[in-house]
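The structure appears below as structure tokens.
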Amino acid sequence: MRRLDLNLLLNTSAAELCDYKSDVHADRNAKHPLLVPFLSGYFGTEHIVTDIDKNDLEPTYVNPDLCFNIIFITDHHSGKTVAFFCGLTDTASVLEPLRDKSNTSRFGIRFNFWGVHLFTTEHLKDSYHTFEQMEYYFSGWKSYFDKMLLEYTSLDERVEQTEAFLLKHINLNRFNPNLMNI
């Protein structure tokens with residue numbers, strides 16, 4: 001059985017999940033008090049990426065952490081968004097960069113492992129090492145994010161819109177105060 005290195009787990013930034021190494025990438029913390037215990041935060045591009053920096057063509061090393069992630073990649077030229085859900089993993093991996101990033105943006109939501117179940121529409125028992133279409137675990141969410149990510153292009157606007165959406169979709173009936181130690 002593989003042992004997890006907690007130092008690795010606790011010191012992984014969201015930037016390691018997204019293959020941007022240039023100054024267009026940023027992180028934001030959850031702001032709404034109800035969401036803070038359940039979300040690690042948000043990450044993505046500050047604006048639409050129009051140029052490719054040669055550093056962006058390097059692979060990214062991803063260390064395992066204690067978060068579930070939804071990653072959106074929006075092509076502003078075609079108007080299409082792809083959305084993936086990344087489950088927990090205990091294996092480091094390498095992400096190959098996207099070769100064509102022109103007119104694209106990224107946005108991600110990082111859920112703490114103890115809070116993600118409050119938002120899912122499907123159980124998470126099969127989510128270990130998963131990389132799945134977001135709709136499988138978050139049914140009905142994609143249409144909202146397809147529109148929102150095209151309309152709002154700054155990271156701060158996207159966080160604000162996402163928090164309003166999450167507040168409408170949190171299922172507090174699944175909340176277990178024993179898990180949260182309160």
Quiz item: How far apart are the closest heavy atoms of Ile71 and Cys86, and which atoms are they?
Solution: CD1-SG, 3.8 Å
Exercise. Could you grab the distance from atom CG of Leu118 to atom CZ of Arg174, nearest 0.5 Å is fine?
Key: 7.5 Å
Quiz item: How many angstroms lie between CG in Asp146 and OG1 in Thr81, if you round to the nearest 0.5 Å?
Solution: 5.0 Å
Quiz item: Does some side-chain heavy atom of Leu166 sit less than 4.5 Å from a side-chain heavy atom of Trp141?
Solution: yes
Quiz item: Do Ile109 and Phe72 come close enough that some side-chain heavy atom pair is under 4.5 Å?
Solution: yes
Quiz item: Which atom pair, heavy atoms only, marks the closest approach of Leu124 to Val116?
Solution: CD1-CG1, 3.3 Å
Quiz item: Once you round to the nearest 0.5 Å, how far does CG of Leu39 lie from CZ of Arg28?
Solution: 15.0 Å
Practice problem: Determine, step by step, whether Thr162 and Phe107 satisfy the side-chain contact (heavy atoms from CB on, under 4.5 Å) criterion, reporting the C-alpha distance in whole Å, the side-chain angles of both residues, the deciding distance to 0.1 Å, and the verdict. | Solution: CA-CA 10 Å; Thr162 298; Phe107 181 67; 3.3 Å; yes
Self-check item: Candidate list Phe111, Phe113, Phe85, test ring-ring contact (aromatic ring centres under 6.0 Å, His included), partner Phe68, passing option
Solution: Phe85
Exercise. Would you please indicate if the ring centroids of Phe119 and Phe138 are separated by under 6.0 Å?
Key: no
Quiz item: Shortest non-hydrogen contact from Ala30 to Val36?
Solution: O-CG2, 3.6 Å
Quiz item: Are any non-hydrogen side-chain atoms of His76 and Thr74 less than 4.5 angstrom apart?
Solution: yes
Quiz item: Does His77 NE2 have over 12 foreign heavy atoms under 6.0 Å away?
Solution: no
Self-check item: Side-chain donor or acceptor of Gln161 paired with backbone N/O of Met148 under 3.5 Å
Solution: no
Quiz item: Which value, rounded to the nearest 0.5 Å, describes the distance between Thr45 atom OG1 and Arg106 atom CZ?
Solution: 8.5 Å
Quiz item: What residues, two or more places apart in sequence or in another chain, satisfy side-chain hydrogen bond (donor to acceptor under 3.5 Å, both in side chains) together with Asn112?
Solution: none
Quiz prompt | Single-linkage hydrophobic cluster, 4.5 Å side-chain cutoff, Phe165 and Phe38 together | solution = yes
Quiz item: So Phe131 and Phe84, would you call those rings parallel, tilted or perpendicular, with 30° and 60° as cut-offs?
Solution: parallel
Quiz item: For the atom pair OG1 (Thr120) and CD1 (Ile70), what is the distance rounded to the nearest 0.5 Å?
Solution: 9.5 Å
Quiz item: Which atom pair, heavy atoms only, marks the closest approach of Gly140 to Glu135?
Solution: N-OE1, 2.9 Å
Practice problem: To the nearest 0.5 angstrom, please state how far the NE2 atom of His169 sits from the OH atom of Tyr144. | Solution: 9.5 Å
Exercise. Mind listing the closest non-hydrogen atom pair of Ser105 and Arg158 along with its distance?
Key: OG-NH2, 2.9 Å
Self-check item: Backbone N/O of Glu157 and side chain of Ser154: donor-acceptor pair under 3.5 Å
Solution: yes
Quiz item: Looking only at heavy atoms, what is the nearest atom pair of Asp126 and Thr130, with distance?
Solution: O-CB, 4.2 Å
Exercise. Tell me whether Trp114 is reachable from Ile170 by hopping between hydrophobic residues (I, L, V, M, F, W, Y) whose side-chain heavy atoms are closer than 4.5 Å.
Key: yes
